[in-house]
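Handing you this structure, nothing more for now.
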Amino acid sequence: MAITLNSGFKMPVVGLGVWRMDGKDIKSLLINAIKIGYRHFDCAADYKNEAELWNSDHGHVLEACKDSLKKLQLDYLDLYLIHFPVATRHTGVGETGSALGDDGVLDIDTTVSLETTWHAMEELVSLGLVRSIGISNYDIFTTRDCLVYAKVKPAVNQIETHPYFQRDSLVKFCQKHGICITAHTPLGGAAANTEWFGSVSCLVDPVLKGLMEKYKKTAAQVVLRWGIQRNTVVIPKTSKIERLEENFQVLYLYLVVERKWESIGVKMPVIGLGVWRMDGKDIRSLLINAIKIGYRHFDCAAEYKNEAEVGEALAEAFQTGLVKREDLFITTKAHHGHVLEACKDSLKKLQLDYLDLYLVHFPVATRHTGVGKSGSALGDDGVLDIDTTVSLETTWHAMEELVYLGLVRSIGISNFDIFTTRDCLAYAKVKPAVNQIETHPYFQRDSLVKFCQKHGICITAHTPLGGAAANTEWFGSVSCLVDPVLKGLMEKYKKTAAQVVLRWGIQRNTVVIPKTSKLERLEENFQVFDFELTKEDMDLIRSLDRNYRTNQPAKFWGIDLYA
């Protein structure tokens, strides 16, 4: 999960600050942090453990940067900051102690302006020594001045901000002008500032105690998540491994205002439109009409071979002002072994900058036939050519990397059973947000649904109507929609069988994504929010379960993966 800076580079929203870390402990802490998933580390020359420009280096920017690069053993810095908006007497490059006068007061240099320092920072960008430059501990006045004289706008202002010192005006001012706020003291300093300065920590506040109980999280996790949801970057400091892990888990928490899937913090509409078996020529009209009806959730896959046509329809919807990108929830699906390339290919075809949800399509890797080549790979014997060299764990960690890169907001699985889902939970650093499966009245899969929901995984029904005519045509399946019980409920509720079944799925707390290529069905399927099935009728439909799978890809693959 990252924020894109005005320089065009991405900055992970959670980092690790190394202030007050003893040199002897740093190697172990940083190695462990990287293993946990940290990709953002905040250093400073003043921490004496190197990389920020220290106060006494205002007149020696290039030399100070090169000194930091040498100590960090790097060719370039991702971000270089002016540590404070004040120059002090120069004590030598790499000599970072505060320069005090004989009177014990900071010896401020009045000959070096902030503008001079900033232009020297800009020169570092042109030299390729740093990718982005920014400021630290600047208030509104000094930040405003920097914006006036800057040729390269500051990408970041790193400040103290936490629940007891929110600085809302400064935060909003910077964000309005495209400057990312990084909180160098996101927990109010906690024990460190209490020890050094006698500060009171916000973590002991009774309000946070209540939120700890509500979310089953620590006070620190709640506060860090609050910072992220303010669109700020948080860089808590810790020298304890358990705290490293705890602080990183805030990526999987959402402070809810209304019902959301808390594992991802992204709203997913409970009804969507699946585009499987939609002809490319029909997609534009169908998607535009679906959006006009009220659909905001669209389910795609590379395997459906129509992502490009979906992308054209979405682009038209955005360009004409029908909806904004943030109004829609777009899902597509990955294959194994080439996850990053496949995701980028889907994004290109869909004409999107990010996906709301990216799923592993099936819990099996097949022979790679090329990115964007989505036909099933069959061997000479006509049987699916399964690749035994790519593990599900390897694929999942590649999916997690997409979250870190900001290409996807949420990741999940599809067609996973209890065994493969349980394993995913064991090795996942980012828990799957969704498991998309076949489930309908004739194939309810109650154990799998309950297992996933118990572990915070949302179930999406990709075949909520039992496939209806499509699966009857392709696989010879019997549709649940012709069941006499549903006929009776149609009369009772004055609804179609499909509407009754979709409503049943929603009341099971599952998401439903029926497929249709008919405008009247689009409208009909969306009219499921104006009635509610009674408990007795929910139980009646529950009694219809036949453990009957209607989607049988074995017809094409020559092997029954569900056997």
Side-chain angles (χ1 to χ4, degrees), residues 256-261 264-280 282-301 304 306-307 309-332 350-352 354-357 359 409-410 412 433-434 436 439-440 458-465 468-470 481 490 493-533:
V256 292
V257 178
E258 53 188 290
R259 183 184 170 192
K260 300 179 184 1
W261 292 103
I264 54 174
V266 178
K267 287 185 183 179
M268 184 181 188
V270 295
I271 189 164
L273 176 63
V275 302
W276 180 53
R277 295 193 72 195
M278 280 192 187
D279 289 335
D282 300 327
I283 282 180
R284 177 200 165 275
S285 173
L286 279 164
L287 263 64
I288 295 298
N289 278 298
I291 291 170
K292 289 179 179 177
I293 289 167
Y295 286 85
R296 294 295 181 266
H297 175 183
F298 298 95
D299 183 79
C300 316
Y304 303 163
N306 56 17
E307 285 181 320
E309 289 81 4
V310 172
E312 290 294 332
L314 294 176
E316 180 180 335
F318 300 148
Q319 288 164 7
T320 59
L322 187 59
V323 285
K324 297 177 181 177
R325 169 65 185 96
E326 57 267 27
D327 296 330
L328 298 185
F329 189 99
I330 308 296
T331 300
T332 195
L350 292 167
Q351 301 187 46
L352 299 175
Y354 67 90
L355 296 168
D356 297 280
L357 178 63
L359 304 177
R409 299 178 71 187
S410 313
V434 168
Q436 186 179 120
T439 178
H440 47 79
C458 170
I459 288 289
T460 296
H462 63 57
T463 315
L465 302 175
L481 299 184
M490 289 168 57
Y493 290 97
K494 309 302 180 190
K495 293 289 183 179
T496 67
Q499 288 172 321
V500 171
V501 170
L502 292 174
R503 183 69 215 184
W504 171 81
I506 291 170
Q507 286 182 221
R508 290 178 87 201
N509 291 321
T510 66
V511 171
V512 292
I513 48 172
K515 285 85 173 172
T516 186
S517 57
K518 298 178 180 178
L519 181 56
E520 63 271 22
R521 290 281 185 269
L522 272 179
E523 295 176 340
E524 176 188 300
N525 290 345
F526 204 71
Q527 300 304 312
V528 291
F529 299 103
D530 58 351
F531 74 107
E532 186 170 332
L533 300 174

Problem set entry | Separation of L357 CG from I330 CD1 (nearest 0.5 Å) | 10.5 Å

Problem set entry | Gap between atom OH of Y493 and atom CG of D530 - 0.5 Å precision | 12.5 Å

Problem set entry | For F529 against I271, the heavy-atom pair lying closest together | CZ-CG2, 3.6 Å

Exercise. Is a donor on one side and an acceptor on the other found under 3.5 Å between the side chain of Q499 and the backbone of E524?
Worked result: yes

Problem set entry | Main-chain N/O of L533 paired with Q507 side-chain donor or acceptor, under 3.5 Å | yes

Problem set entry | Spacing of CG belonging to L314 relative to CG belonging to L287, to within rounding of 0.5 Å | 6.0 Å

For this session: May I ask you to decide if V275's main-chain N or O and N306's side chain share a donor-acceptor pair within less than 3.5 Å?
Result: yes

Exercise. Is a side-chain N or O of T516 found less than 3.5 angstrom from the main chain of L522, in a donor-acceptor match?
Worked result: no

For this session: Please determine if R325 forms a cation-pi arrangement with Y354, meaning its NZ or CZ atom is less than 6.0 Å from the six-membered ring centre and no more than 45° off the ring axis.
Result: yes

Seminar exercise, completed: Shortest non-hydrogen pair, L328 vs I291, comes out as CD1-CD1, 4.4 Å

Exercise. Donor-acceptor pair, K515 side chain versus H462 backbone, under 3.5 Å?
Worked result: yes

Seminar exercise, completed: Scanning both residues in full, the closest heavy-atom pair of A497 with L481 reads CB-O, 3.7 Å

Exercise. What orientation do F329 and H297 show, parallel under 30°, tilted 30 to 60°, or perpendicular over 60°?
Worked result: perpendicular

Exercise. Looking at CD1 of I506 and CD of E532, how far apart are the two atoms once the value is rounded to the nearest 0.5 Å?
Worked result: 11.0 Å

Problem set entry | Result of checking E316, E309, E312 against R284 for side chain to side chain donor-acceptor pair (under 3.5 Å) | E316

Exercise. N525 and A498: which non-hydrogen atoms are nearest, and at how many Å?
Worked result: OD1-CB, 4.2 Å

Exercise. Got a donor-acceptor contact below 3.5 angstrom from the R296 side chain to the P269 backbone?
Worked result: no

